[in-house]
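First listed ligand is number 1; within each ligand, the first listed atom is number 1. Just so you know, residue 1 is the first one in the sequence shown, and it goes up from there.
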Amino acid sequence: QGDTADYDREVKSVCPFCGVGCQVSLKVKDNKVKFVEGIDGPANEGRLCVKGRFGFDYIHHEHRLTKPLIRREDAPPKGLNVNPGNWQTHFREATWDEALDVAAKGLKDIGGRGVAGFGSAKCTNEEAYLFQKLIRQGFGHNNVDHCTRLCHASSVAALMENVGSGAVTATFNEIENADVAIVIGANPIENHPVAATYFKQFTKRGGKLIVMDPRGQALKRFASHMLQFRPGADVSMLNAIMHVIVEESLYDQQYIDAYTENWEAERKHLADFTPEKMAKICGIEAEVLRDVARTFAGAKSAMIFWGMGVSQHIHGTDNSRCLISLALMTGQVGRPGAGLHPLRGQNNVQGASDAGLIPMFLPDYQPVGDDGVRSAFQEVWQDGQIDPQRGLTVTEILDAVHAGDIQGMYILGENPAMSDPDVEHARDALAKLDHLVVQDIFITETANFADVILPASAFAEKTGTVTNTNRQVQMGRPAVPPPGDAREDWWITVELAKRLGLPWTYTHPSDVFGEMTKVMKSFDNITWDRLETQSAVTYPSLSPEDPGQPIVFADGFPRPEGRARFTPANVIAPDETPDADYPMILTTGRQLEHWHTGSMTRRSRVLDAVEPEANCSLHPSTLRKLGVAPGGMLRLSTRRGSIEIMARADRAVSPDMVFLPFAYVEAAANILTNPAVDPYGKIPEFKFSAVHVEALDVM
Ligand code: SF4
């Protein structure tokens with residue numbers, strides 16, 4: 001905190017961490033951000049969490065990249081072996097012209113399907129749009145993806161299939177009009193902290209909060225019901241709840257008749273899922289399941305929020321199908337205080353997905369296989385043919401590198417050397433590439449494997465729009481210049497595209513946004529000028545004066561005949577089940593102070609001071625059995641590998657589980673995780689691996 005004497009100007013922008021999208025005021029003096037305050041954005045109304053308030057100083061960190069780098073000819077073999085003290089052994093500084101020429105030539109020489117791209121949910125909408133266009137137009141295929149594949153791809157698959165749209169049906173702030181809410185597989189107090197403040201206020205007004213999670217959590221204190229179900233048993237629990245709603249005729253027949261299809265199939269399917277039978281599988285008593293069913297179905301208005309605890313399973317799409325069915329059968333969509341809301345993770349994962357940074361869809365989820373869609377894009381893009389075949393996903397791309405089918409990659413702001421499941425497999429793939437171009441603000445673990453590193457901009461150094469979990473498109477503004485020769489990401493991508501021979505003439509992000517409005521109906525009535533003056537507009541916006549619709553689908557769905565669909569879900573066991581060799585369950589996630597692969601928050605002084613060391617959490621009784629005191633060291637091993645890590649005692653974790661945060665490179669969680677994927681969303685099963693735990697420091 002500071003007063004006006006501590007800064008000479010302030011700039012309004014958007015927090016760079018989670019999908020809540022809090023608006024911030026950056027207080028600047030001498031071209032340094034001195035402190036940050038929350039301002040009155042539509043999602044945060046002045047509130048900020050610890051990351052938004054204190055996690056900004058990474059932008060001035062001494063490790064920031066300030067010059068383009070090219071791998072030295074005499075560099076040691078590629079590996080996770082670059083650090084701030086030895087980078088000169090691996091790379092040499094270059095001019096922008098040289099670095100861009102080398103980057104483009106390497107990609108061009110490989111060309112076509114030999115090249116793939118990972119864009120970033122940390123970049124702006126305009127940068128995401130340019131990135132997918134560069135891969136599609138420059139290389140003639142759709143092998144472009146980003147971290148949505150690792151967080152909510154299965155939720156989007158289920159929403160697209162059954163509701164016809166991948167975004168939320170209501171903003172999280174709508175909870176103020178609800179009387180019941182379910183929060184499942186999410187830990188908002190740690191991961192969406194400002195959204196959690198609205199959830200807590202809702203309970204203070206008397207709202208009933210039903211929390212469902214295999215791990216206990218702080219929101220439990222505010223819950224009317226806490227269902228700590230068995231890991232992986234989501235479908236059996238949710239189907240049992242829906243069984244009660246059918247059995248006791250608590251469903252909304254009028255809504256079902258007017259707005260849905262396939263109800264009879266769903267109803268029949270649920271007949272087998274009696275609470276008594278499912279209680280044994282999910283570990284929740286039948287009476288509790290019945291009470292939750294009656295509470296939810298009895299609500300005037302109810303919302304369902306979910307997070308990666310739902311999505312990161314091989315049955316993630318089925319989990320979301322159940323949540324959608326629950327909302328549809330009770331008519332809880334399209335009204336104030338009602339709706340479906342997957343809490344999006346990264347600050348711009350909604351926007352990057354909307355902008356087409358996914359292998360099966362062009363911007364606005366328009367299928368690449370549709371001839372009309374492709375010709376509309378080709379008309380606007382005016383060069384090259386768009387491939388009708390869906391591209392490869394994140395994990396498929398790395399498999400294709402191992403198979404020798406992909407030899408070159410352009411990676412912007414993603415860190416697969418930390419974020420991918422079975423990460424040694426990902427690191428080996430990166431090391432195998434003939435040509436890797438990485439664009440980032442630090443020498444990340446992924447940049448360790450690069451041939452060319454292009455120094456990019458942090459959020460406080462760039463102009464561009466981002467879209468939060470609420471569908472609110474917000475303007476980010478530059479407060480300070482990028483350090484040294486670092487440049488804005490849109491500029492770097494445009495320069496690379498020109499060297500690949502693409503006829504791009506963009507001179508400002510507003511040019512890109514203008515093009516996006518021509519191909520994305522979701523941006524109807526949203527203009528750059530509007531965003532400059534209003535800072536945020538929710539899509540859909542029905543007129544140039546409409547601030548946007550917080551609730552959608554009041555009069556039907558963007559599907560055939562306007563009807564949403566029930567898709568019955570079966571129980572599928574996790575890919576790995578605990579056995580004698582690996583008897584416990586490993587689940588991974590975030591902590592309040594750290595963000596994803598830690599590249600930003602571990603370089604933020606306050607956040608790193610609060611949470612400086614890699615740690616995992618186990619129930620105190622499990623630690624006692626292992627003979628380890630809190631603070632002692634454990635070895636965690638799965639079929640993929642082992643790590644050594646400090647133990648914490650946490651009663652929220654059930655005795656057969658280990659909770660492992662994934663921000664720490666020195667004990668990388670993804671050395672252990674299972675790469676098995678959901679067949680629809682292609683999302684890996686980060687939330688369930690069989691693990692062996694061994695004490696290294698016995699009491
Ligand atoms: Fe930033 Fe999310 Fe915290 Fe808001 S809740 S300040 S967007 S990390």
For K462, is there an ion pair with E127 - N to carboxylate O distance below 4.0 angstrom?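 Salt bridge between E127 and K462, a charged N being under 4.0 Å from a carboxylate O: yes.
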
Any ion pair linking R64 and E461 (charged N to carboxylate O, less than 4.0 Å)? yes

Distance check, rounded to the nearest 0.5 Å: N177 atom CG versus T171 atom OG1? 9.0 Å

So, applying side chain to side chain donor-acceptor pair (under 3.5 Å) with Q474, which one of Q534, Q23, K12 is it?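 So, applying the side chain to side chain donor-acceptor pair (under 3.5 Å) to Q474 and each of Q534, Q23, K12, only Q23 qualifies.
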
What atoms of ligand 1 come closer than 4.0 angstrom to any heavy atom of G21? 7 (S)

Could you grab the protein N, O or S atoms closer than 2.8 Å to atom 3 (Fe) of ligand 1 for me? C49 SG

Give a yes or no on this: more than 12 heavy atoms of other residues, nucleotides or ligands lie within 6.0 Å of atom NZ of K200.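 Result for NZ/K200: enclosed.
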
Side chain to side chain donor-acceptor pair (under 3.5 Å) against W595, all qualifying residues, sequence neighbours excluded: Q346

